Every structure is written in structure tokens, then in C-alpha cells.
Amino acid sequence: MNEQAIQEQYQHIVNLLEQKRLKEAQVQLEAFLWNCNDWTLRNRLEQAKVSYQYMLQYMRQGVNDPERQKLYRQLLAETWELAEQTRISLLDEVSTRYYHSLHKNKKNMVAGYGMSSWLKVLESFPDDMAVCQLMPDNKQSLDSALQRHEGTAQYLFLTTWGNSGWTAEEEQEARLYLESELLPVNDLCLFTGAILLSLMECFDPRKFSWLLDAATHADTQVNQRALVIIAIILHIHSNRLRLYPELMAKLSLLNEDGSFGKQLNRVYIQLLRSRETEKIDKKMREEIIPEMMKNVTIMRNMKYGFEENIDEDDRNPDWEKAFEESGLGDKIREMNELQLEGADVYMSTFAQLKSYPFFQNPHNWFYPFDMQHSSIIREFGLKPTGENAVLSLILQSGFFCNSDKYSLCFTMAHIPQAQRNMMLSQMTSQDLNELMDESKSSSLRQYALRPDVISNQYIHDLYRFFKLSQRRHEFRDIFKEEIALHRILALKDILCKPELLATIADFHFRKEHPAKALSIYKEITDMNHADAEIFQKTGYCLQKEKRYKEAIEAYRKADVLKPDHVWTIRHLATCHRQLRDFATALEYYRKAEAMQPENRNLPFLIGSCLAEQERYEEALQCFFKLDFMENDCIKAWRAIGWCSFVSGKFEQAMRYYNKILALKPLSTDYLNAGHAALLLGNMEKAAELYGKATSESGNRETFLEMFDKDKEMLIKLGVDENDIPLIRDFGLTAD
């Protein structure tokens with residue numbers, strides 16, 4: 001069997017199990033196993049089939065079995081596990097993916113050499129390094145300690161990744177890693193990364209149980225990584241957990257005080273935000289960076305406040321004016337806001353810096369940044385000094401994810417010393433002193449230790465691994481998939497709470513995903529927890545989806561709960577206007593105007609509703625009011641021109657169209673001015689204006705289409721219907 005056939009047959013069995021068609025799934029699995037040489041799997045399937053046969057037989061005989069559902073669930077779980085192990089075993093023989101070479105290699109492991117012995121080596125590392133620091137000249141002992149530690153950590157990572165299912169003994173050994181007080185935290189973090197990759201390939205209840213324990217670990221680095229991995233694995237294996245009541249109970253116990261749910265919900269939002277990275281990356285590459293390069297002179301001349309003795313007279317106001325007029329100011333502010341909310345704004349910067357040998361080893365993508373890693377010590381020494389101390393401080397902050405910190409170090413190491421000094425010299429001594437100031441550096445470190453920062457940076461690390469690593473094509477890219485943790489049955493009692501759902505809906509609302517936000521707001525409404533704001537947002541999403549009648553219903557509910565809110569009133573008016581119910585829209589707009597008499601847009605909207613009802617005299621009063629409120633308001637002039645024209649005030653119409661034509665006319669302005677000239681009997685002027693309308697519209701078909709829309713109005717105002725074809729041709733013949 002080839003790789004595709006194996007995957008398809010496995011997926012067929014999974015589909016049957018998800019539909020609870022156990023008998024058919026076992027028959028298909030038996031056929032699947034004919035291609036597999038693992039007799040252990042065949043024996044396990046035979047036992048499962050016999051158990052199910054007996055269960056069905058007792059049921060037919062009417063035997064009362066209170067354990068029936070429990071046994072059925074166990075048989076579903078066992079059959080699914082067997083199907084998964086069969087798939088992996090078959091792929092081991094045909095797949096070129098790295099995972100399968102690791103999985104096959106597990107069989108060749110030396111007995112008695114496993115996780116417990118590796119733990120002892122890793123636990124000894126802090127003592128080894130302490131000895132090395134006492135003997136700074138003994139390079140050989142340092143190299144030996146680093147090699148032993150990093151080699152063991154790598155072996156632990158690869159064997160854990162390639163292990164498709166822990167035995168009970170291996171599970172106990174793995175728990176020692178969580179209980180150890182000597183194990184370096186970075187090694188435990190690396191171990192959790194290996195468990196992520198292993199669980200992505202094959203669900204293992206023992207590993208998932210270990211993760212649930214890791215989520216309560218005292219160290220924030222560990223518990224936040226575990227939390228992120230739990231979210232990802234539940235997304236990938238969304239239907240598996242319900243087959244393991246002991247895991248469901250453990251998950252429920254974890255959330256006894258509700259804190260786990262709040263943390264998981266925060267990670268959920270961070271995962272959703274990571275799906276915006278591509279959009280941000282594109283904006284950086286196509287807008288921000290080119291704009292900065294284009295305005296490099298302005299950027300160079302700008303003073304940002306770091307300089308000592310700044311003289312305000314030294315600032316050239318033209319620089320800041322040019323900065324804002326270039327549009328760069330808005331873009332940089334937008335990027336700053338994204339960064340503050342935790343968005344990944346550095347992907348485009350560091351994507352090109354992942355070609356260093358360090359990143360050729362998969363496990364290095366999962367290792368927290370460590371100044372004591374051999375790759376860093378090789379470049380900067382055991383105790384960074386001078387400008388390296390500044391770099392060290394920056395690297396301890398939470399601004400960059402671990403992967404990017406390694407990239408930054410390798411890049412700095414490859415820059416000639418003179419250039420490195422020049423870069424640091426751009427910072428004044430005041431800036432350096434501020435950075436090295438204990439209180440400032442302490443706050444930077446504290447920021448880096450915040451749970452939300454750690455989980456967010458870990459997601460950024462994972463994003464880079466799945467998008468940039470050499471073996472990225474061998475993995476399922478979860479960052480391309482729709483993530484909806486609140487819809488997973490196992491998380492229903494944890495995440496489906498109004499206050500948590502509201503944060504997810506609000507995220508989609510802010511990111512302009514109206515359909516996704518709407519479905520969650522509806523869930524909150526169905527729970528009877530909706531307030532005025534929820535109904536307002538529901539209405540807005542429905543309005544964005546052009547479901548105006550439903551939007552009106554939601555806005556009315558918001559208006560009941562929070563009466564006379566001007567935002568609600570205006571949106572009610574807009575929805576009625578979209579439904580062409582101009583009379584009702586007018587009522588709401590007038591109500592809004594009474595609340596916001598200074599609003600310059602409302603007279604225009606009121607006038608538009610009046611014009612649609614052919615109440616032109618009243619409409620004109622609104623447009624005159626707008627013209628008075630704003631200088632050179634072309635929008636008002638167009639409305640006055642049209643209303644004057646359709647109400648027979650052709651000279652007044654022509655007067656306003658002439659004002660428009662003197663500024664920034666559109667093709668429709670030339671057309672309407674032509675109509676006014678026509679009704680005033682000035683055929684030459686009409687022909688000239690129609691000709692300009694044709695040239696401005698780009699082609700004759702567009703002009704004819706615009707003209708024909710006004711045909712009925714022209715006839716109504718007294719133009720002979722028989723003359724219409726001739727007049728229309730004015731625009732096509734005038735040159």
C-alpha cells in the first residue's frame with residue numbers, strides 16, 4: 001500500500017467510529033491489518049471483536065448490564081487506538097517522513113536505557129556548569145558538559161516524539177520529570193514540545209494525562225506551554241477525549257475554580273490572533289517596510305526624544321509634517337497597537353534569519369532561549385560583558401519569541417565588530433544607562449515572565465516551526481485551520497460560559513469576521529445572558545451580512561435594554577434605509593439629530609430620505625443647512641443640484657452644478673449639469689456637458705447606461721420622449 005491509500009483507509013475507519021458504527025469499523029480494521037506484520041495489534045483486535053460480540057449477544061438475550069455503555073466506549077477507544085497504530089506501522093514501511101524513521105528506531109533502543117537514566121544526566125547539568133564557571137579556562141570540561149547535556153536533551157526529544165504510545169512504566173518515568181526539583185526548566189519545556197509533536201501524530205491518553213498535570217506545574221514556562229499544547233491537541237483530536245472518562249474528569253477537576261477555563265480561553269484568543277500573522281506579514285512587506293525605505297531621510301532627521309539637550313528650535317516641523325503626510329505615521333501606530341495586543345509583528349523581520357545550522361535540528365525550535373546554550377556561548381562567551389550585556393538584557397525581555405532571540409544572536413555574531421559597535425553607538429549613553437538601570441531591567445524581565453506573554457511567545461515559536469522549518473511540509477499546519485475550541489464537546493462545560501464566549505466573539509468582531517462573531521453572540525443570547533451591547537454587536541454583524549430585517553430586530557432589543565442610545569438609533573435608521581423604508585428611517589434620523597445637533601452627516605441623511613419620498617422642498621432645506629455648516633461641501637451641492645433640478649428649479653440647479661464643475665467633478669456631475677442645461681434650453685451647453693460626461697465615464701456604454709437611468713425623469717420634467725434618442729447622441733457626437 002502507498003501512503004495515500006493507507007491514509008484513506010484509516011480515515012474511512014475513523015469516519016465509521018465517529019458515527020459509532022463499531023461493527024463495520026472492526027471489519028474494515030481487520031482488512032487494514034492484513035497488510036501489517038504486527039501480530040500484537042491483530043490479537044488486540046480479536047479480543048475487542050470477541051468482547052463486542054458477547055456484549056451484543058447478552059443484549060439480544062435481554063440481559064441487564066449496567067456497564068454496557070462503559071464497555072462500548074472502551075471498545076470504541078480501543079478500536080480507534082488500534083487503527084491509529086496500524087496506520088503508523090504501515091507508514092513506517094513506505095513514508096520518508098522523519099517521524100517514521102524515529103518511530104522505527106524506537107524498536108532498536110537498548111533495554112534499560114530510557115527516560116529515567118536521561119533524567120539523571122539532565123539533572124546534573126546545573127552542577128556541571130557551576131564547576132565549569134569556577135574553572136573558566138578549562139574549555140574542554142565546558143564543551144564536555146554542554147555536549148553531554150544537549151545530546152541527552154536531543155535524544156529525549158527525538159525518542160519521545162517517535163513514541164506513539166507510552167507504556168504504564170514510561171508514563172511513571174515521565175512523571176518524574178514533572179516532580180524533579182533538579183531538572184532545568186528549559187529541558188522540561190523541550191520535553192513538552194516533543195509531546196506536542198508525538199500527540200499530533202497519534203493520540204496517546206497517557207501523554208495527554210501528563211500534559212494536564214504539566215498545566216499545574218509551578219513554573220510558568222512549563223504550565224503555559226502545556227496549556228498551549230492542550231489547546232492544540234484538543235483541536236486536532238476533538239472527538240477523542242469523550243472516549244476517556246478519566247481524562248474528562250481530570251480536565252473538569254482542573255477547572256474546578258474556573259481559572260483553567262480563563263487561561264485556556266486566553267490561549268484560544270492567542271491562537272486565533274496567530275491566524276492574522278500572514279495578513280500582518282503581508283502589510284509589513286508590502287506597505288510598512290517599503291514606506292520606511294522610501295522615507296528614510298525623514299526617519300533619519302526625526303528626533304525621537306532620546307537625545308540630550310534637545311532644543312525645540314532644532315526640530316524642523318516639515319519633517320513631522322512629511323512623516324504624517326506620507327501615511328507612515330498611521331501605519332506605524334497601527335503596528336504598535338497590534339504589537340501591544342500580542343500580534344506577531346516580527347515574522348517578516350525574522351523569517352529570513354532561520355537558515356543558521358542551529359535551526360536544521362527540529363528540537364532546537366522548541367528549546368527556550370538560553371544564554372548557556374553551546375551555540376550562544378560559542379559566540380558570546382560564558383559571561384556576556386560590555387555591549388553583549390546590553391544584548392543579553394534585550395534577550396531577557398518578552399519582546400521576541402525564543403526562536404527570534406536565537407536568530408538575533410546569530411545575526412549579531414556574524415556582523416563585524418565595527419558595525420556592531422556602530423549599531424550600539426546609535427544609542428546614547430543615557431539610553432544605555434536606562435536599559436542597564438536595575439528597576440528598568442527588572443520590569444523588562446517581569447514582563448517576560450507574565451503567563452500571557454509566555455504563552456503568546458510560545459505560539460509565535462510554533463508558528464515559525466510550522467511555517468519556516470526545513471521539515472514544515474511533513475506536519476499538519478494547524479495555523480491554516482479554523483480553530484473553534486468552544487465547539488469541542490470536551491470543553492463545553494469549560495469554555496461555553498457567557499463571559500468567556502463574549503471575549504471570543506468580540507475578537508472576531510474587532511477583526512471584522514461578522515459571520516463568526518454572529519454565531520457566538522447568538523449562543524450567548526440563547527443562554528439568556530445578552531445585554532444591550534451584545535444585541536448592538538449582533539445587529540451590526542447582521543447588518544454587515546446584509547440581513548437587515550434581523551439586524552433591526554436585534555437593534556430594537558438593544559434599544560429596549562438601553563433606550564435612546566444614539567448609535568443604536570442611527571443604525572436602525574440605516575437598516576430601514578437599506579430596506580427602502582425611508583419614512584421609518586427618517587423618524588430615526590430625526591431622533592438622532594435631536595441628540596446630536598452638531599453632527600454634519602445627519603442633515604444629509606435626513607435630506608436623502610426626504611428626497612427618496614419626493615419631498616424635495618424639505619430635502620433642500622436640509623441640504624442648505626449642511627452647506628451652511630461646511631465650507632465647499634460638494635456632497636451638499638450635488639444634493640441641492642439634483643433636488644433643484646427634479647423640482648423644476650433649473651437655474652438654481654445649474655448654479656450649483658457650475659460650482660461643482662469648478663472643483664472636482666465626476667462623470668455624473670457633467671451628466672446632471674447637461675440635464676439642467678437641456679431644460680434651460682441651452683442645447684449647445686448640454687451637448688458639451690454630455691460629451692464631457694462620456695469622456696469622463698471612460699466609454700460610451702457607461703454613459704448610455706447612466707443616461708437611460710434618468711430617461712423617465714427627463715420625460716416627467718417636460719422633455720419630448722421622441723427627442724430622447726437624439727439628445728442622448730449629443731454625448732456620443734460632441735468632440
Side-chain angles (χ1 to χ4, degrees), residues 1-53 74-109 158-167 170 194-208 232-233 235-241 243-244 362 466 469-478 480-481:
M1 291 177 81
N2 62 27
E3 200 165 340
Q4 185 179 347
I6 292 168
Q7 297 286 17
E8 285 175 356
Q9 195 160 344
Y10 167 72
Q11 194 54 52
H12 178 57
I13 294 167
V14 168
N15 292 340
L16 291 171
L17 289 168
E18 285 180 332
Q19 296 170 49
K20 294 191 175 179
R21 293 159 65 180
L22 179 57
K23 185 75 174 175
E24 295 167 79
Q26 288 180 338
V27 170
Q28 291 296 321
L29 180 54
E30 190 171 24
F32 199 29
L33 271 164
W34 274 112
N35 303 294
C36 180
N37 297 322
D38 192 331
W39 286 95
T40 309
L41 297 177
R42 292 190 189 185
N43 290 336
R44 282 173 63 187
L45 176 61
E46 195 56 40
Q47 289 173 12
K49 282 174 62 183
V50 169
S51 295
Y52 192 43
Q53 197 60 42
Q74 288 171 348
L75 290 171
L76 280 170
E78 173 75 352
T79 306
W80 204 324
E81 285 179 23
L82 290 172
E84 216 165 21
Q85 294 294 342
T86 305
R87 173 181 66 88
I88 291 170
S89 185
L90 291 171
L91 286 172
D92 281 350
E93 305 305 318
V94 297
S95 178
T96 57
R97 289 171 62 221
Y98 191 37
Y99 170 78
H100 292 288
S101 65
L102 294 174
H103 187 258
K104 282 191 288 187
N105 190 53
K106 183 181 180 293
K107 299 170 188 172
N108 304 324
M109 264 184 57
L158 296 178
T159 50
T160 303
W161 176 11
N163 187 332
S164 59
W166 277 344
T167 61
E170 286 171 325
I195 288 171
L196 164 65
L197 294 188
S198 180
L199 283 167
M200 284 181 73
E201 297 288 346
C202 174
F203 185 78
D204 178 0
R206 288 191 169 106
K207 288 199 196 83
F208 194 83
I232 291 171
I233 297 309
H235 164 72
I236 292 172
H237 301 291
S238 55
N239 293 324
R240 295 296 288 275
L241 216 65
L243 301 178
Y244 301 93
F466 290 115
S469 68
Q470 287 180 332
R471 297 187 178 275
R472 62 188 176 277
H473 302 299
E474 297 184 13
F475 298 97
R476 172 176 172 177
D477 185 356
I478 57 118
K480 282 183 178 175
E481 301 172 7

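We number each residue from 1, following the sequence as shown. Everything quoted here is computed from the prediction, not taken from an experiment.
Annotation: the span from Leu158 atom CG to Asn163 atom CG amounts to 12.5 Å, rounded to 0.5 Å. With rounding to the nearest 0.5 Å, the separation of CZ in Arg206 from CD1 in Ile195 is 13.5 Å. Atom CD1 of Ile88 and atom CG of Leu41 lie 10.0 Å apart (nearest 0.5 Å). In this structure, the separation between CG on Leu22 and OH on Tyr52 is 5.0 Å, given to the nearest 0.5 Å. In this structure, CD in Glu30 is found 11.5 Å from OG1 in Thr79, a value given to the nearest 0.5 Å. To the nearest 0.5 Å, the span separating CD on Glu18 from CZ on Arg240 amounts to 9.5 Å.
His237 pairs by the ring-ring contact (aromatic ring centres under 6.0 Å, His included) definition with Phe203, not counting sequence neighbours. Under the side chain to side chain donor-acceptor pair (under 3.5 Å) criterion, Thr40 pairs with Asp38, sequence neighbours left out.
The closest side-chain heavy-atom distance from Glu201 to Arg97 is below 4.5 Å. Residues Ser198 and Asp204 fail the side-chain proximity criterion, which asks for heavy atoms closer than 4.5 Å. Counting heavy atoms from C-beta outward, Glu78 and Leu82 have side chains that approach closer than 4.5 Å. When side chains are defined from C-beta on, Met200 counts as touching Ile236, because their heavy atoms get closer than 4.5 Å. By the 4.5 Å heavy-atom criterion applied to side chains, Leu33 and Leu29 are counted as neighbours. Contact annotation: the side chain of Tyr99 never approaches that of Leu91 to less than 4.5 Å [non-hydrogen atoms, C-beta and beyond]. A 4.5 Å side-chain heavy-atom check between Leu197 and Phe475 finds at least one atom pair inside the cut-off. Taking 4.5 Å as the limit, some side-chain heavy atom of Gln53 sits within range of a side-chain heavy atom of Lys23.
Residues Arg44 and Glu81 are paired through a salt bridge, judged by an N-O separation under 4.0 Å between the basic side chain and the carboxylate.
Pairs passing the ring-ring contact (aromatic ring centres under 6.0 Å, His included) check and including a residue from residues 79-98, sequence neighbours excluded, read Tyr98-Trp161.
For Asn37, the CG atom is loosely surrounded, since the number of other residues' heavy atoms within 6.0 Å does not exceed 12. The environment of CD in Gln19 is crowded: more than 12 heavy-atom neighbours from other residues, nucleotides or ligands sit within 6.0 Å.
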* To do: Decide side-chain hydrogen bond (donor to acceptor under 3.5 Å, both in side chains) for Gln7 and Glu3; before the verdict, give the C-alpha distance in whole Å, the side-chain angles of both, and the deciding distance to 0.1 Å.
  => CA-CA 6 Å; Gln7 297 286 17; Glu3 200 165 340; 4.9 Å; no

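Residues Leu17 and Ala25 come closest through the heavy atom pair CD2-CB, 3.7 Å. For the pair Ala31 and Gln9, the tightest heavy-atom approach, listed with the atom from each and the gap, is C-NE2, 4.1 Å. Gln85 and Cys202 make their closest contact through NE2-SG, 3.8 Å (heavy atoms, listed as atom of the first residue, atom of the second, distance). Heavy-atom minimum distance, Ala83 versus Ile13: CB-CG2, 4.0 Å. Between Leu75 and Ala48 the shortest heavy-atom distance is CD2-O, 3.6 Å. Looking at every heavy atom in both residues, Ile478 comes nearest to His235 through CG2-CD2, 4.1 Å.
Inspection of the Glu24 and Gln28 side chains reveals no N or O donor paired with an N or O acceptor under 3.5 Å. Using a 3.5 Å distance cut-off with no hydrogens or angles, the side chains of Gln11 and Asn15 do pair a donor with an acceptor.
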